[in-house]
Amino acid sequence: MVNEVLRLLRVYNDIKSSELAEKLDLSSSYISELESGKKKASIDIINKYSAFFEIPSSSILLMSESLDDQKQNLKYKISRALINMLQNLEKNAAVETI
């Protein structure tokens, strides 16, 4: 989820992708591909974002890890809810057949 953190940094700081591309000496299309997840950010790219937004690279990686954990947690909650629903359906079906 590094891509999402990079995008959020740009959006939070109210910078257009074309402006950021110019400042980082990258193309606008490359910024777009990075932020959409079509391209993976190298450590050099993370360092460029880090320097521009004046935050440690480790913070970008930590935020990315946090987003990944939230996504996994949501998947777990959804799967648990589906399992519970199926178990309840099974119990109701058993009661109806009695």
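On a predicted model such as this, the values are computed, not experimentally measured, just so you know. Numbering starts at 1 and runs along the sequence shown.
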All pairs passing salt bridge (charged side-chain N to carboxylate O under 4.0 Å, His left out) where residues 16-25 contributes a residue, at least two apart: none
Hey, could you give me the [atom1]/[atom2] distance between [X] and [Y], rounded to the nearest 0.5 Å?
X     : Y     : atom1 : atom2 : value
Ile15 : Arg10 : CD1   : CZ    : 8.5 Å
Asn3  : Ser64 : CG    : OG    : 7.5 Å
Ser18 : Leu26 : OG    : CG    : 12.5 Å
Ser17 : Glu33 : OG    : CD    : 12.0 Å

Going by the rule side-chain contact (heavy atoms from CB on, under 4.5 Å), which residues pair with Ser42 if we only count those two or more places apart in sequence or in a different chain?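 Result, side-chain contact (heavy atoms from CB on, under 4.5 Å) vs Ser42: Asp44, Ile45.
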Exercise: identify the closest heavy-atom pair between [X] and [Y]:
X     : Y     : result
Ala41 : Leu34 : CA-CD2, 3.7 Å
Tyr30 : Lys39 : CE1-CD, 3.8 Å
Ala21 : Ser28 : CB-N, 3.6 Å

Let me have the donor-acceptor pairs involving side chains of residues 46-63, under 3.5 Å, with sequence neighbours excluded, atom names and distances please.
unit_1, atom_1, unit_2, atom_2, d
Asn47, OD1, Ser57, OG, 2.6
Asn47, ND2, Ile43, O, 3.2
Lys48, NZ, Leu24, O, 3.1
Tyr49, OH, Glu35, OE2, 3.1
Ser50, OG, Ile55, O, 2.3
Ser50, OG, Ser57, N, 3.2
Ser50, OG, Ser57, OG, 3.4

I'd like to check the side chain to side chain donor-acceptor pair (under 3.5 Å) partners of Ser32; sequence neighbours left out, ordered by chain and number. none
More than 12 non-hydrogen atoms from neighbouring residues, nucleotides or ligands closer than 6.0 Å to CG on Asp14, yes or no?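 Atom CG in Asp14 is not crowded, with 12 or fewer foreign heavy atoms closer than 6.0 Å.
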Within a strict 4.5 Å, meaning less than it, do heavy atoms of the Val11 and Arg7 side chains meet? yes
